[in-house]
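One structure is given below, encoded as structure tokens.
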2 protein chains.
Amino acid sequence: MTSQKGSKTAPGRSTTMADVAKLAGVGKMTVSRLLSGSANVSKETAERVQRAIRMLNYQPNELARSLRSPHSKTIALILPYLYDPFFATCAHAVSTVATQHGYSVLITTSDEKTDIEQQQVAHMLRRRIDGMIIIPAPNEEDYLRGKDFESVHIVTLDRPATHSRFDSVLVNNRAGARAGVAHLIEHGHKTIAFLGLAKDLFTMQARYNGYREAMTGAGLTPELYIECRSNEETVTLVHSLLTEKRPPTALFAGNNLTMRYLLHALNMLRIDVPGQIALAGFDDFDIADVLQPALTVVRQPVYQVGEMAANLLFQRISRGEYPAKGHRVVLPTELVIRRSCGCHRESRVTFGAKSVADTTHE
Amino acid sequence: MTSQKGSKTAPGRSTTMADVAKLAGVGKMTVSRLLSGSANVSKETAERVQRAIRMLNYQPNELARSLRSPHSKTIALILPYLYDPFFATCAHAVSTVATQHGYSVLITTSDEKTDIEQQQVAHMLRRRIDGMIIIPAPNEEDYLRGKDFESVHIVTLDRPATHSRFDSVLVNNRAGARAGVAHLIEHGHKTIAFLGLAKDLFTMQARYNGYREAMTGAGLTPELYIECRSNEETVTLVHSLLTEKRPPTALFAGNNLTMRYLLHALNMLRIDVPGQIALAGFDDFDIADVLQPALTVVRQPVYQVGEMAANLLFQRISRGEYPAKGHRVVLPTELVIRRSCGCHRESRVTFGAKSVADTTHE
DNA sequence: CTGAAAGCGCTAACAT
DNA sequence: ATGTTAGCGCTTTCAG
């Protein structure tokens, strides 16, 4: 270990508003007023104060500010994971909008576990945030009903808030999945399997419902929900699926992760797409168009989902209203037809116009 | 617009420590002491206070706490984008470690622009964070030298901090790229092109240097750095590259984004990999092994990079030291051999053991 | 237009 | 073991 130069302790306390005031020969309030820009300060004193601020390199302490004022200028963002590109993009959008509004974002992950989420929410509340955006974990135990939540603005994203007065931003999961599966049906497929993640995820249920609607609507019988947990498991699952007596001729993947599991499995089992089996899925991703074959997917407006959630939140914050019923915004999805479905040329169909509605409880 | 039930204003101020103290019939300090667990409180009063806390559902105000104590229990994380899987994974790691330490994370993005980054840093400083983790934008103007930064702990990640006393966590870019290119050379390729993002990115320079070392080390002449900015541009670039009089027979992609551009271009131009041209790149990603052909890549320990950065930061914070020289941790990379290089069976070579060194200035 | 006093909710330092 | 006093850095209120 080499000897280190450098101080053990941080330099003495930083310069405060009082220091600036003294140097400028004014009262603290004049400095405060100048900074907030709210009230009138004469040209001359303003200049003097400005100079003092620059000389001392004064930086207002936002913590102290927050303690006094009703706004902490901070929002919280709670999501399951950050390494899922969908969530990451939402987070980026939220961060961008927050910056535009002069707000900071406290971010944290729940790992899809309700208890961790609840803990994180409580922690955020103690930090006196002005609002929060949550992608709620499944089986939310309705802790958001408590009294503590009466004075926070909350928007949920990707999944609805159960029994609540909060706003939600969702995409048209059911219609999107229905359209994707319907397209597979148009190709003449009669037996189509739906593969998804954990069944208790809202999005998976909604998409599975869309799948069932498409099937029954075409007079076909929907298959059971197939839950994929890993690459390995999916290989087994797909293998047994294809050796059934009436194997599916097409597959629909519930999201981009499921799709990756599926691609891996199909690859391992050396099954040709779309030759031996057709493929489509929910959620577009970066190289879906570069894959061989290019993937047919239902695309959701990822960035807009995050952006919209943030905008709704700031609307609430600035209005300071706590309505009894939340809004539910449903963003449209789009069917991006590429090759994995069996098509020979690419095209797009937008599905489900943006809708805003009062939340019906449940 | 339907009429909304709900209050216009938030309910009156939340319960404070004084409320708890009054209800429990004790002084504020007793409550404070109980909560911090630091000093002795008698069994009986402790119970009374606990009961009062539960009855009122008291939540301590962390803001007020931070104002008084020297720690805000908050760190900042500043990165270019969140939608890059590399950064997102780092962010996830940082968030996880921070939670373990009871810390909150303020996150924000710089869009690779130094001025935005500087602004964000200043903003964080005003919020009295205990430390920050930065993935610095190129051409950092050395603003981190200022007096304001004397009392903050800073760790940079993925890229070094120029002229500074801060810790950095990097990966072995040069050695990794060198190994990747060397492998291509082993396949008998004599003309190999390097494609990267903006040239001013530290990682791109380091990897390009590794490429050049591998080439000259084998007695070959390195080609010029090829900068890719988009799918479209890359198509043109690759096309003209392959119609030169002495076209490359192998390509090395500087990171996962470049690789995607490249895959798109190769796809458009209907060039077979590895038949017509061999391919390798830096940075593994989720479905690199599912692609046809599976991609040979230099893998970096993404999560560990973020984790290490966070650990270094908390070490600094807990020790409260401000040494004159920072540490530089270099994490090893690993060559993951799959098919795009021309190999027929897969294997792995770890390259460059983890090293820790005092930062040499520059 | 400007200032002095009070206090946001908490904890450190000194009482008792 | 517990209470009292002071004050973190700021803004709100009330006076000039």
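Source: prediction; values computed, not measured. Just so we're on the same page: letters track the sequence lines, and every chain starts at 1. Values reported hereafter were calculated over all heavy atoms of this structure, with side chains retained and with hydrogens, waters and symmetry mates removed.
The NE2-C1' distance, from B:H71 to C:dT11, rounds to 14 Å in whole Å. Per the geometry, CZ belonging to A:R33 stands 21 Å off P belonging to D:dG9, to the nearest Å. Per the geometry, CZ belonging to A:R126 stands 22 Å off P belonging to C:dC8, to the nearest Å. Note: CG (A:L63) to C1' (C:dT11) measures 14 Å, nearest angstrom. Following rounding to the nearest Å, B:K28 (NZ) and C:dT11 (C1') show an atom-to-atom distance of 9 Å. C:dC10 atom P lies 17 Å from atom NZ of B:K73, rounded to whole Å. Straight-line distance from the CG atom of B:L67 to the P atom of D:dA6: 19 Å, rounded to whole Å. As rounded to whole Å, 15 Å separates atom C1' of C:dG9 from atom CZ of A:R127.
Contact annotation: side chain of A:R128 to base of C:dG9, donor-acceptor pair absent below 3.5 Å. A donor N or O paired with an acceptor N or O is found under 3.5 Å between the base of D:dG7 and the side-chain atoms of B:R68.
Taking 4.0 angstrom as the limit, B:S69 places none of its side-chain polar atoms (N or O) nearer than this to OP1 or OP2 of C:dA12. In this structure, B:T45 reaches the D:dT2 phosphate: one of its side-chain N or O atoms is under 4.0 Å from OP1 or OP2. Contact annotation: B:S32 side-chain N/O to C:dT11 OP1/OP2 distance is under 4.0 Å. An OP1 or OP2 oxygen of C:dC8 is reached within less than 4.0 angstrom by no side-chain nitrogen or oxygen of B:T16. For C:dC10, the OP1/OP2 oxygens have no side-chain nitrogen or oxygen of B:S66 closer than 4.0 Å.
Taking every heavy atom of both residues into account, A:S72 and B:L63 meet most closely at CB-CD2, 4.2 Å. Taking both residues in full, the closest heavy atoms of A:R159 and A:A137 are given as NH1-CA, 3.9 Å, listed atom of the first, atom of the second, then distance.
Which of D:dT2, C:dC10, D:dC10 sits closest to the side chain of A:M17 comes down to D:dC10. The side chain of A:A64 lies closest to D:dC10 when the candidates are D:dC10, C:dG9, D:dT4. Side chain of B:R65, nearest nucleotide from C:dT11, D:dT11, C:dC1: C:dT11. With D:dC8, D:dT11, C:dA12 as the choices, the nucleotide that has an atom nearest any side-chain atom of B:M29 turns out to be C:dA12.
Ring geometry, B:H92 versus A:Y81: the interplanar angle falls from 30° to 60°, so the pair is classed tilted.
Both B:V41 and A:E62 lie close to DNA chain D; mapped to their nearest nucleotides by heavy-atom distance, the more 5′-ward contact belongs to B:V41.
Residues forming a salt bridge (Lys or Arg N to Asp or Glu O under 4.0 Å) with A:E307 (at least two apart in sequence, or on another chain): none.
In the model, B:S104 has a side-chain atom that pairs as donor or acceptor with a side-chain atom of A:R127 under 3.5 Å.
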